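Just below is one structure, and these are the notes that go with it.
Since the model is a prediction, treat every value here as computed from it, not as a measurement. Residue numbering restarts at 1 for every chain, and letters A, B, ... go by the order of the sequence lines.
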Amino acid sequence: MSPNEPLRVIEPDGGVNGYDSRLTEDQLIHCYRTMVSVRVFDEICLKLQRSGRIAFSIPNKGVEATQIGAASVMKTSDWLFPSYRDFGMALYHGVTPLRMMQNMFGNAEDQAKGRQMPVHFSFEEPIRFYSISSPIGTHIPQSVGAAYAAKLRGEDTVCLTSFGDGGTSSMGFHSGLNFAGVWKAPVVFLCQNNGWAISCPVEEQTASEGFAIKARGYGMPGVLIDGNDLLAVRKATEEAVERARAGEGPTLIEALTFRMGGHSTSDDPTRYVPKDMVDYWAKRDPIERFEKYLEGVGLWSPEMGKALYDEVTEEIKEAARQAEKISSPALDTIFSDVYAEMPPHIRSQGQAAFDLARTRGDAEAGDGDFPL
Amino acid sequence: MSPNEPLRVIEPDGGVNGYDSRLTEDQLIHCYRTMVSVRVFDEICLKLQRSGRIAFSIPNKGVEATQIGAASVMKTSDWLFPSYRDFGMALYHGVTPLRMMQNMFGNAEDQAKGRQMPVHFSFEEPIRFYSISSPIGTHIPQSVGAAYAAKLRGEDTVCLTSFGDGGTSSMGFHSGLNFAGVWKAPVVFLCQNNGWAISCPVEEQTASEGFAIKARGYGMPGVLIDGNDLLAVRKATEEAVERARAGEGPTLIEALTFRMGGHSTSDDPTRYVPKDMVDYWAKRDPIERFEKYLEGVGLWSPEMGKALYDEVTEEIKEAARQAEKISSPALDTIFSDVYAEMPPHIRSQGQAAFDLARTRGDAEAGDGDFPL
Amino acid sequence: MTTRTLLQAINDGLHTVMKEDPSVLVFGEDVGVKGGVFLVTEGLQKEFGKERCFDTPLSEDGIVGAAIGMAMNGLKPVAEIQFQDFIFPAFDQIVSEAAKLRYRSGGQYTAPMVIRTPYGGGIQGGLYHSQSGEAYFCHTPGLKVVIPSTPHDAKGLLIASIEDPDPVLFLEPKALYRAVKGEVPEGHYTVDLTTLREARPGKDVVIFCYGAMVPVAMKAAELASENGIDCRVVDLRTLLPLDEEGVLEHAKAVGRVVVLHEAPRFCGYGGEISALIAENCIEYMEAPITRVAGFDTPFPNTLEHHYLPDHRRVLDAVERTYHF
Amino acid sequence: MTTRTLLQAINDGLHTVMKEDPSVLVFGEDVGVKGGVFLVTEGLQKEFGKERCFDTPLSEDGIVGAAIGMAMNGLKPVAEIQFQDFIFPAFDQIVSEAAKLRYRSGGQYTAPMVIRTPYGGGIQGGLYHSQSGEAYFCHTPGLKVVIPSTPHDAKGLLIASIEDPDPVLFLEPKALYRAVKGEVPEGHYTVDLTTLREARPGKDVVIFCYGAMVPVAMKAAELASENGIDCRVVDLRTLLPLDEEGVLEHAKAVGRVVVLHEAPRFCGYGGEISALIAENCIEYMEAPITRVAGFDTPFPNTLEHHYLPDHRRVLDAVERTYHF
Ligand SMILES: Cc1ncc(C[n+]2csc(CCOP(=O)(O)OP(=O)(O)O)c2C)c(N)n1
Ligand SMILES: Cc1ncc(C[n+]2csc(CCOP(=O)(O)OP(=O)(O)O)c2C)c(N)n1
Ligand SMILES: [Mg+2]
Ligand SMILES: [Mg+2]
């Protein structure tokens with residue numbers, strides 16, 4: 001769809017073309033390890049969902065380089081405004097698989113207190129990973145407000161705001177990018193063009209030649225990159241973050257990538273994704289690509305990859321096992337956190353719910369299936 | 001703000017550069033007469049408002065060439081989706097000053113039955129002049145729907161959709177242009193960049209280099225024109241309409257112009273518009289510009305101009321006199337047209353209102369002033 | 001007659017009108033090839049082509065805005081909003097535009113159209129895939145709001161909505177999509193948009209409800225009858241404009257009222273029902289007018305079954321009302 | 001103490017907090033140089049600079065969305081929406097985001113902010129510059145909704161709203177901006193957001209109202225007293241969360257209730273008041289609970305004085321209630 005050549009750093013043979021990531025070996029391995037963790041987390045969640053142990057998950061095989069490449073540029077004093085598919089951003093910055101699994105199970109230890117669906121993570125440390133909201137695009141102007149607040153207060157915080165190709169049609173995209181341009185807010189907009197908004201291909205989303213080009217309408221630079229190339233993602237994000245920290249305002253990055261699974265565990269992509277598209281992208285797996293690069297610089301071998309995969313798998317399986325043991329949130333979590341202080345009418349509704357459970361027994365869980 | 005040179009046809013000396021409008025003498029005079037009518041209508045409304053005979057008006061001195069140039073390209077089988085400042089579009093197509101004055105007085109003959117503020121015109125003949133809505137931008141996706149409907153039904157109707165520089169920030173702009181691009185809908189988007197959204201200058205509206213450039217983000221051509229040059233407006237609109245009728249989709253036209261009065265009769269522009277900006281544009285009056293051109297082709301003289309002005313003034317004054325004599329809408333206009341058929345609860349509210357007026361006397365009119 | 005689920009009945013209704021009337025269009029996010037995330041529009045694109053059933057960009061504002069334009073230019077748009085929770089970007093187009101167009105233009109322009117959207121809990125959808133927003137819309141003169149609870153009504157009300165000269169918000173109880181089955185006539189028929197339906201006769205307590213709460217009320221009524229309380233269940237089905245006279249008749253006839261919905265109680269639709277009764281026939285009331293509703297909190301996820309009114313809560317209210 | 005109009009009191013309130021707290025920002029369309037179309041923010045940009053009082057692009061969605069982001073990052077945004085009628089593009093940000101953020105994040109993220117906006121009729125503003133949309137918002141757990149009716153309360157409630165840890169929608173009765181005057185204390189003070197106010201004592205009929213309808217109720221009460229009916233007037237002032245106990249106490253004490261607002265009746269805020277009473281103390285009622293409200297139509301222009309509830313309509317309801 002895009003006539004422009006996307007920025008690429010890692011060559012098919014694993015060599016790099018003229019970009020020095022300045023990453024230490026440890027950092028490179030951390031990037032790699034996180035990519036593998038995301039993939040494994042994904043695999044395990046799919047299995048947990050298939051076996052009915054969690055209700056829902058969001059596949060993210062194939063998009064690991066985009067999320068981790070971008071997140072890896074951010075400092076822990078920055079803010080992430082992620083999308084529901086950005087598991088890797090949290091993992092990269094040290095959110096443990098266990099904390100993430102608590103959310104997948106919606107249990108009493110879940111940071112969101114079991115109020116949100118799985119994958120609607122919310123963390124405030126080690127990095128501010130902003131509470132995921134289902135409505136598409138609403139977080140975009142919010143991130144601009146947060147960034148502008150940092151700027152007004154003289155902090156050098158940058159916000160990384162991630163959304164999909166479908167998200168560019170939302171009103172939040174328009175208001176967010178427009179405000180960011182006018183305010184020269186320190187935000188990096190990361191449009192993850194994975195080709196589809198559920199079953200709708202990008203041609204049904206917009207007639208423009210790609211998404212990066214939309215930046216000009218808001219007075220900011222737009223950059224098209226290969227989203228399956230972790231170093232290309234880093235390079236573009238670094239430049240954008242530098243601009244932002246230097247007070248030069250926002251940037252829109254369009255990362256070309258592909259969601260190799262369904263939209264969610266409720267979706268069957270074979271109904272609409274052409275087979276040759278799947279094949280095309282299967283040959284461009286971002287993890288294999290990075291392995292080639294690491295191999296070239298002497299940091300990877302099939303054995304090392306296998307060992308790491310096994311280690312990560314055990315860690316995440318253990319996280320799932322632990323999370324599954326935790327009980328459901330207590331009844332009062334329905335009633336708290338509506339306001340800072342609980343108003344009388346909510347208090348008495350909570351009391352009534354307790355009393356009812358005592359006199360007439362507990363409510364029965366339903367068996368509704370999530371379709372989306 | 002815009003680095004590009006806008007399209008111009010009428011030279012400062014009144015000559016034209018290489019564009020044949022193919023307008024007959026009658027048509028040229030009709031354009032001119034309509035421009036003068038709009039200006040006079042405006043003057044008279046301001047006086048009526050100052051003297052308390054109407055509540056409100058929207059000044060439009062200075063923007064006549066844009067609205068009339070664009071409207072003059074449309075056929076009566078087309079649709080106009082105007083903004084509140086587009087008086088001239090209606091007048092050009094034969095809506096009488098009297099019908100417009102009925103609306104300014106909100107009387108029993110007003111097409112909108114006195115339900116809307118002045119300048120919120122609605123006509124369905126001689127051309128579909130879509131009911132003006134106060135919320136900015138909402139008519140943009142609506143016009144795309146109407147255009148797409150025409151296309152689906154195989155009609156060659158085109159929609160002309162007009163909005164301001166401020167309107168480009170609305171959600172309707174984003175969804176409307178995006179849908180139009182994807183659907184290749186036969187719409188011409190006319191962005192009247194008059195420099196201001198009430199007191200907010202364009203730099204506060206967007207960081208982009210002008211508005212025409214926003215077209216690319218929606219996969220359509222964008223054209224920047226001198227909005228005070230009636231022939232330039234016609235030329236760009238003609239090309240856009242041709243593309244639309246040929247099934248090639250929408251176009252965004254940005255017309256550079258200037259609102260020489262306040263935003264409305266409640267606004268004092270001297271509080272925020274720099275004096276030199278006013279002076280700059282005063283020298284670029286669109287009517288004088290067109291007079292120069294007409295003079296060059298032998299169709300205008302100061303005497304002819306004076307006579308036409310006097311004639312038009314008398315006509316519009318007479319319209320105001322007549323409209324002022326018409327009574328207010330009847331009480332039942334509050335209750336009709338909510339639904340096609342009046343539901344029982346509205347019927348009984350209407351009945352109660354009648355009964356109350358009988359038993360306790362009429363409601364007293366307030367004296368609230370409109371601030372915007 | 002065929003036995004169908006509520007979902008099949010809606011799909012059948014769409015098929016029926018699209019076959020009869022070429023001006024009917026169905027569009028929204030994922031309604032084409034995928035047939036909608038719930039498969040309500042399954043098969044329509046195949047049968048009627050991409051011109052009549054198609055996907056749109058991800059913009060509810062654009063979907064409804066464009067539908068208004070189509071409606072005023074001779075088509076009959078049936079727009080889908082994927083979840084009612086995502087309708088709010090289109091709130092302005094619905095409330096300020098579709099609902100007010102006839103009025104503000106003095107009847108010159110109108111927007112006869114249908115917005116279909118699944119609402120309510122029961123699928124573990126958390127805050128944003130579970131809400132019942134009917135009250136947000138029912139305060140809007142010019143709009144009609146319809147909620148079916150049976151397959152028969154779903155098809156008949158939908159066809160009536162598509163043929164209606166005014167804009168209709170058609171809220172589909174997603175919890176019932178596959179959970180209820182019933183006889184559905186073949187072909188074209190309508191259920192009129194001005195009358196409520198007595199779902200169960202009864203003389204001791206009347207339960208006013210709609211949508212997914214109708215089966216809950218029916219179950220509570222059954223349990224109550226075991227304790228000797230004879231409940232009447234009234235399915236309002238067209239919430240705006242409401243059959244107010246019908247409500248008052250049932251209230252007067254029974255004298256004890258429970259109002260039931262799954263949306264939060266405060267400023268919810270139930271308040272209007274209570275207020276109507278308290279205003280017009282309070283002298284018939286032999287007990288407080290009791291509401292059973294969702295709590296005044298956002299919609300939770302893991303504990304959704306505690307949030308949603310169930311037969312326990314309804315029964316409790318019925319007994320309190322009966323024994324007052 | 002100084003005598004101020006309601007508008008001046010709000011302006012004074014903004015000055016007061018901006019002077020005390022550098023994290024308070026005021027922004028919106030035309031609030032800077034122009035000082036807002038009603039001049040509520042006049043002088044703020046001059047005094048506090050463009051960094052603290054500034055214009056925004058024409059996007060209510062952007063204004064509220066950005067305010068949420070600022071709020072969660074340590075500032076105290078006071079966003080203006082030019083007219084309440086134009087708030088609907090921001091409906092999603094308010095209802096889905098600001099109101100639910102604390103809940104969905106388990107208390108990790110919050111949006112303490114104020115959205116100020118003028119509402120209501122009385123300025124010949126027609127359909128789109130006159131609406132009273134409070135009911136659209138009061139169905140939203142997590143949000144607070146405040147409407148002052150006196151200069152004293154306007155300033156005190158506004159300062160309390162800005163200092164509140166939750167998002168507050170602050171609706172300003174534009175008809176009263178210049179029409180009411182009253183004593184306003186200098187400097188910082190708050191009026192708490194949890195209690196209603198008895199605006200006039202009385203024992204025969206109680207009128208529940210708020211905002212621009214308070215003076216209408218007062219006038220009707222005066223006229224009623226000439227006929228020997230002693231009306232109590234209660235100004236609810238914080239509509240969400242409501243002082244429910246206060247409402248019930250007044251209702252019980254008086255036994256005859258009129259509920260008054262200018263928004264359309266159907267599914268309006270008044271329904272909640274009636275329903276609360278009918279649910280909790282119906283046995284105290286000696287007459288129907290009567291609502292006086294705007295008609296169930298869009299807001300007209302030329303005939304707006306017929307649309308807006310006035311003392312005639314209130315008096316009529318009071319007398320019917322009294323003589324029931
Ligand atoms: C406002 C809104 N409308 C519709 C939806 C339903 N929905 C969830 S994800 C999605 C597609 C998003 O596509 P994209 O932005 O490309 O992100 P991706 O899933 O591909 O990462 C849709 C339509 C929603 N969540 N919010
Ligand atoms: C959604 C919405 N927000 C705010 C307003 C108030 N308002 C009326 S006109 C206007 C400025 C419009 O500016 P522009 O689009 O440039 O049109 P112009 O008046 O300059 O022709 C504003 C903010 C409105 N009518 N609708
Ligand atoms: Mg996508
Ligand atoms: Mg302008």
Point to revise | Criterion side-chain contact (heavy atoms from CB on, under 4.5 Å) against C/Gln93, the qualifying member of B/Ser175, B/Pro135, B/Pro141 | key: B/Pro141
Practice item. Please answer whether the main-chain N or O of C/Leu196 pairs with a side-chain N or O of C/Asp243 as donor and acceptor at a distance below 3.5 Å. Key: yes
Point to revise | Residues of residues 327-336 of chain B contacting chain C, heavy-atom criterion under 4.5 Å, by residue number | key: B/Thr333, B/Ile334, B/Ser336
Point to revise | Residue, of B/Val182, B/Ile346, B/Ile140, B/Val338, that accumulates the most heavy atom pairs under 4.5 Å with chain C | key: B/Val338
Review point. Just by modelled atom types, is the C/Arg102 backbone N or O under 3.5 Å from a matching donor or acceptor in the B/Asp337 side chain?
Key: no
Practice item. Mind checking the NZ-CG spacing from C/Lys100 to C/Leu143? Nearest 0.5 Å is all I need. Key: 9.5 Å
Review point. Is the number of heavy atoms from other residues, nucleotides or ligands within 6.0 Å of CD (C/Glu245) greater than 12?
Key: no
Check your understanding: Where is the tightest heavy-atom contact between B/Phe211 and B/Leu252, given as atom of each residue plus distance?
Key -> O-CD2, 3.3 Å
Check your understanding: Does any heavy atom of chain B fall under 4.5 Å from the side chain of C/Pro89, the backbone, both, or neither of them?
Key -> backbone
**Study point:** Greatest number of heavy atom pairs closer than 4.5 Å to chain C - which of B/Gly172, B/Ala150, B/Ala149, B/Ala147
**Key:** B/Ala149
Point to revise | B/Ile132, part contacting chain C, at a heavy-atom distance under 4.5 Å | key: backbone
Exercise for review: Show your reasoning for whether side-chain hydrogen bond (donor to acceptor under 3.5 Å, both in side chains) applies to C/Gln108 and B/Ser131.
Suggested key: CA-CA 8 Å; C/Gln108 290 184 31; B/Ser131 165; over 6 Å; no
**Study point:** Portion of B/Phe129 that has a non-hydrogen atom of chain C nearer than 4.5 angstrom
**Key:** backbone
Review point. Does a side-chain heavy-atom distance below 4.5 Å link B/Met89 with B/Leu190?
Key: yes
**Study point:** Per-residue contact mode, B/Tyr148 against chain C (heavy atom under 4.5 angstrom)
**Key:** side chain
Review point. Does CD in B/Glu341 sit with more than 12 non-hydrogen atoms of other residues, nucleotides or ligands closer than 6.0 Å?
Key: no
**Study point:** Close contacts, residues 151-171 of chain B versus chain C, judged by heavy atoms under 4.5 Å
**Key:** B/Leu152, B/Arg153, B/Met171
Practice item. Considering only heavy atoms, give the residues of residues 52-62 of chain C separated from chain B by less than 4.5 Å, sorted numerically, with 'none' for an empty result. Key: C/Phe54, C/Thr56, C/Pro57, C/Ser59, C/Asp61, C/Gly62
Check your understanding: Do you know which two heavy atoms are closest between C/Pro165 and C/Pro112, and how far apart they sit?
Key -> O-CB, 3.5 Å
Exercise for review: Select one option (side chain, backbone, both, neither) describing which atoms of B/Ser143 are under 4.5 Å from chain C's heavy atoms.
Suggested key: neither
Check your understanding: Does C/Ser23 reach the main-chain N or O of C/Leu75 with its side chain, forming a donor-acceptor pair under 3.5 Å?
Key -> no
Review point. Going by an N to O cut-off under 4.0 Å, is there a salt bridge joining C/Asp235 and C/Arg197?
Key: yes
**Study point:** When B/Arg115, B/His174, B/Gln116 are compared by non-hydrogen pairs under 4.5 Å with chain C, the top option
**Key:** B/Arg115
Point to revise | Closest-packed option against chain B by number of heavy-atom pairs under 4.5 Å, given C/Ala99, C/Gly69, C/Gly107, C/Gly74 | key: C/Gly69
Check your understanding: Between B/Pro343 and chain C, which part of the residue has a heavy atom less than 4.5 Å away: side chain, backbone, both or neither?
Key -> side chain
Study note, to complete from the structure: Comparing C/Pro167, C/Ala71, C/Pro241, C/Ser96 against chain B, the one with the most heavy-atom pairs below 4.5 Å turns out to be C/Pro241
**Study point:** Aromatic plane relationship, C/Tyr136 with C/Phe88 - under 30° parallel, 30 to 60° tilted, over 60° perpendicular
**Key:** perpendicular
**Study point:** Residue-level contacts of residues 93-106 of chain B with chain C, using a heavy-atom cutoff under 4.5 Å
**Key:** none
Exercise for review: Counting only heavy atoms closer than 4.5 Å, note whether B/Phe81 contacts chain C via side chain, backbone, both or neither.
Suggested key: side chain
Check your understanding: Between C/Ile115 and C/Val168, is any pair of side-chain heavy atoms under 4.5 Å apart?
Key -> no
Review point. If every non-hydrogen atom of C/Asp166 is compared with every non-hydrogen atom of C/Gly142, which pair is closest and at what distance?
Key: CB-O, 4.5 Å
Review point. Which heavy atom of B/Glu248 sits nearest a heavy atom of B/Lys184, and at what distance?
Key: O-NZ, 3.8 Å
Point to revise | Non-hydrogen side-chain atoms of B/Phe173 and B/Tyr218 separated by less than 4.5 Å | key: yes
Check your understanding: When you check the side-chain N and O atoms of B/Ser134 and B/His120, is any donor under 3.5 Å from an acceptor?
Key -> yes
Revision key, fill the gap. In short, C/Ile159 meets C/Gly13 closest at the heavy-atom pair CG1-O, 4.2 Å
Check your understanding: With only heavy atoms counted, which part of B/Glu124 is less than 4.5 Å from chain C, the side chain, the backbone, both or neither?
Key -> both
Review point. Are any side-chain N or O atoms of C/Asp21 and backbone N or O atoms of C/Val17, one a donor and one an acceptor, separated by less than 3.5 Å?
Key: no
**Study point:** B/Phe121 and B/Phe123 aromatic ring geometry - parallel, tilted or perpendicular at 30°/60° bounds
**Key:** parallel
Review point. Yes or no on ring pair (Phe, Tyr, Trp, His ring centres under 6.0 Å) for C/Phe83 and C/Tyr128, after CA distance, side-chain angles and deciding distance?
Key: CA-CA 8 Å; C/Phe83 282 82; C/Tyr128 296 115; over 10 Å; no
Exercise for review: Report the C-alpha separation of B/Gln192 and B/Asp86 in whole Å, then their side-chain angles, then the decisive distance to 0.1 Å, and conclude whether the side-chain hydrogen bond (donor to acceptor under 3.5 Å, both in side chains) test is met.
Suggested key: CA-CA 10 Å; B/Gln192 303 197 28; B/Asp86 287 326; 2.7 Å; yes
**Study point:** Proximal component of B/Val144, with respect to chain C [non-hydrogen, under 4.5 Å]
**Key:** neither
